[in-house]
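As structure tokens, the structure follows; a few thoughts come after it.
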Amino acid sequence: MELRTAPYGSWPSPIDAALAASLDGRPEYVGTVGSEVWWTEPRPAEGGRRALVRRSADGGHPVSVLPAPWNARSRVTEYGGRPWAGTERPTGGPLVVFSHFTDQRLYAYEPDRSASPGPRPLTPVSAVGGGLRWADPVLRGGEVWCVLEEFTGPGPTDVRRVLAAVPLDGSAAEDRSRVRELTDDGYRFTTGPRISPDGRQAAWLVWDHPRMPWDGTELRLAEVTADGRLAQPRTVLGGPEEAVAQVEWASDGTLLAVSDRGGWWNPYRVDPDTGGAVNLCPREEEFGGPLWKPGLRWIAALPGGLVAVLHGQGSSVLGVLDPESGDLVDAAGPWTAWQPTLAVLGSRVYGVAASPRSAYEVVELDTATGHARVVGGGRADPVDPAYYPEPQSRTFHGRGGRQIHAHVYPPHHPELRARARELPPYVVWAHGGPTDHVPPVLDLNIAYFTSRGIGVVEVNYGGSTGYGRAYRERLREQWGVVDVEDCAAVARGLAAEGTADPDRLAIRGGSAGGWTAAASLASTGLYACAAVIYPVLDLCGFAEETHDLESRYLDGLAGPPRTLERISRERSPVALADRITAPFVLLQGLEDPVCPPAQAQRLLDAMRGRSVPHAYVTFEGEGHGFRRAESMVRALESELSLYSQVFGIERTDVPRLVLEP
């Protein structure tokens, strides 16, 4: 079939904003309850709630455990953490404990009890500051052991975190004093406890300001006393310059951990008495990642001594490691990126994976046969896969020849092509974090643009995870410099080789990516426009206004507090607003505790009176990241309208974004 010709950016596409929004998000927090596998998954059409889903042992279709509006999502450190734990009751049927997003109370629920009145609260409501929050639970006897986050005042940093034990009988639902605190050793941040197979020891991770968990953490270990308390904890691994990302017990009582002490996150066997650590698979690959939320899991012990691991450079794949020989065998299948959530049931491993042709889905690997299959979270292709882009993972070079990793998504349509010698517009996507990375997987938000003839390139700029500690630390005290330069180097590289139109380059990003996008407008003169989404825009304001987890993040990203005011004047888009001359759209959730709307308002105030076309689009009820379908539709269509107007593309299928000076 001969392809028809139409200008880049004008192509019609069946991937509209409503479709992209309806399929946004991915399954998380996989676990097992008895012989079943459970997980959480998004419901954009139901107010953005997270549903708790179960798949029966007989392989039936996954079903939601809790009806709307129940929302299994924690707010610990605002980003949350593992919100649920479950077990099979001795009398039969599952018992699940979960954190409900609306009030952040822990609830217990027995879904198979015919006379069950529904979820019953286990923890009280607190009116102080952000109240009481819970995450990363495990069930132990008649209690739930988990992270307790308690606000002690009205400010975002008036908070303490400890390990706590909550009685399952509901006696603490109206009485805070019935919650037993298990630790009080002064650490600011903690993960939930991991209890040894014999129940005699507990291990967990801690760290303190000003470190972030990828800078340095400590593995704490304590004996569990006969009366269910923790004896004096001690540090057995980690420190200020060593980031332990996970701790795990093997079935034989071996203590396992993931540490970057060798420059890469590798799996170790840890001697609990001496703290000695043996690298089980020394490779220049990552077997771990940034611990943004408690409850992330990159390794999981299998019966018999084998260990399921996620590993790789940039993207992670699932493998099975023999700790004795060091042999590592990867799972077969099309999946090229796995999320940090693993669960084990006998010889089977469960995780969440995606590929360039499939979005994130729950995958089961039978280690006895090597067979892998999708068991949940997947969906039939909503449109012809011929509209999906084919990512190209590439390495570009920046200042001083340094390597920059990126994924290029060229415009693609099964029935259309552009005119001869026409170059496509391209949008540079800067990821959030900034200590994070993006893998090359199917994302309908990207396909929304590429199927219309607008190219996308995702940049894993210096500071991204997945490429070792040295690559990660290239951003140390250089935020707003290295990330901006690396994104610009990729954009210029695409233009120089004739892949992208140098006059129709844009940049977009959310959160830390929003900072990079706005800073790029103020410092490069390269981009024709930008989409700036729930961004950081003013360093000094961010340090004072953001949540506790990131309140000292800038120490590593920009420099110590004594130099922050100077760095903020030199790099903050708010301070450099007079240099911004290209149009932009600013998208902001009005209930964002991480990047509050005050950040966006300062930039708007600084732009007042200047003849730079821009739009400010706000979203009631949205926080840091848009979860409601209607919000995601409006955001995508606003972004496309901006590009269409700036790039000179005629489109009538989206509302026109009003750009005002």
Side-chain angles (χ1 to χ4, degrees), residues 194 196-197 203 205 214 217 219 221 236-239 241-291 296-333 335-351 353 363-372 437 439 465-472:
R194 300 293 176 263
S196 62
L205 304 179
W214 43 86
T217 60
L219 195 169
L221 186 68
V236 297
L237 195 69
E241 304 297 326
E242 178 183 357
V244 183
Q246 185 190 340
V247 59
E248 171 88 0
W249 293 97
S251 58
D252 64 356
T254 299
L255 186 62
L256 304 174
V258 177
S259 167
D260 72 346
R261 57 171 41 196
W264 297 79
W265 273 304
N266 281 183
Y268 288 81
R269 180 189 298 115
V270 181
D271 186 319
D273 296 320
T274 67
V278 177
N279 193 334
L280 301 178
C281 193
R283 293 189 181 192
E284 289 191 347
E285 294 184 9
E286 302 284 39
F287 290 72
L291 189 62
L296 302 183
R297 201 176 189 196
W298 292 268
I299 65 172
L302 285 151
L306 298 178
V307 181
V309 299
L310 303 180
H311 71 102
Q313 283 198 29
S315 300
S316 293
V317 296
L318 174 64
V320 177
L321 172 67
D322 183 339
E324 299 305 318
S325 66
D327 291 341
L328 177 58
V329 178
D330 290 340
W335 305 283
T336 54
W338 293 69
Q339 287 296 303
T341 178
L342 291 174
V344 169
L345 183 60
S347 64
R348 290 176 167 81
V349 179
Y350 297 91
V363 177
E364 174 195 81
L365 169 67
D366 187 338
T367 60
T369 65
H371 178 66
H437 80 282
T465 54
Y467 307 98
R469 183 159 186 145
Y471 192 86
R472 194 165 80 238

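The model shown is predicted, which means the values in this text are computed figures rather than measured ones.
- Among residues two or more places apart in sequence or in another chain, the salt bridge (Lys or Arg N to Asp or Glu O under 4.0 Å) test is passed with Glu364 by Arg348, Arg373.
- Closest heavy-atom contact between Tyr467 and Tyr471: O-CB, 3.5 Å.
- Scanning all heavy atoms of the two residues, the minimum distance from Ala203 to Val247 falls at CB-CG2, 3.8 Å.
- In this structure, the side chains of His437 and Glu286 stay at 4.5 Å or more apart for every pair of heavy atoms.
- Nearest heavy-atom pair, Ala250 versus Pro197, reported as atom, atom and distance to 0.1 Å: O-CG, 3.2 Å.
- Among all heavy-atom pairs drawn from Val258 and Trp265, the shortest one is CG1-CB, 3.8 Å.
- Counting heavy atoms from C-beta on, the side chains of Arg297 and Glu248 come closer than 4.5 Å.
- Within the structure, salt bridge (charged side-chain N to carboxylate O under 4.0 Å, His left out) contacts touching residues 267-282 (residues at least two apart or in different chains) are Arg269-Glu324.
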Show me the side-chain donor-acceptor pairs of residues 304-321 shorter than 3.5 Å, one per line, residues at least two apart or across chains.
unit_1: His311; atom_1: ND1; unit_2: Glu285; atom_2: OE1; d: 2.6
unit_1: His311; atom_1: NE2; unit_2: Asp330; atom_2: OD1; d: 2.7
unit_1: Gln313; atom_1: NE2; unit_2: Glu284; atom_2: O; d: 2.9

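- For the atom pair CG (Leu205) and OG1 (Thr217), the distance works out to 5.0 Å, reported to the nearest 0.5 Å.
- Taking 4.5 Å as the limit, some side-chain heavy atom of Ser347 sits within range of a side-chain heavy atom of Asp366.
- A pairwise comparison of heavy atoms in Gly466 and Trp264 identifies O-CZ3, 4.2 Å as the closest pair.
- The side-chain heavy atoms of Trp249 and Leu255, taken from C-beta on, include a pair separated by under 4.5 Å.
- In terms of heavy-atom proximity, Val236 sits nearest to Pro272 at CG1-O, 3.6 Å.
- Applying the side-chain contact (heavy atoms from CB on, under 4.5 Å) rule to Ala257 yields the partners Leu219, Leu237, Val244, Val270; only residues at least two apart in sequence or on another chain are considered.
- Under the salt bridge (Lys or Arg N to Asp or Glu O under 4.0 Å) criterion, Arg469 pairs with Asp260, Glu473, sequence neighbours left out.
- Trp214 pairs by the ring-ring contact (aromatic ring centres under 6.0 Å, His included) definition with Trp292, Tyr553, not counting sequence neighbours.
- Interatomic distance, NE2 of His371 versus CG of Leu365, reported as 9.5 Å (0.5 Å rounding).
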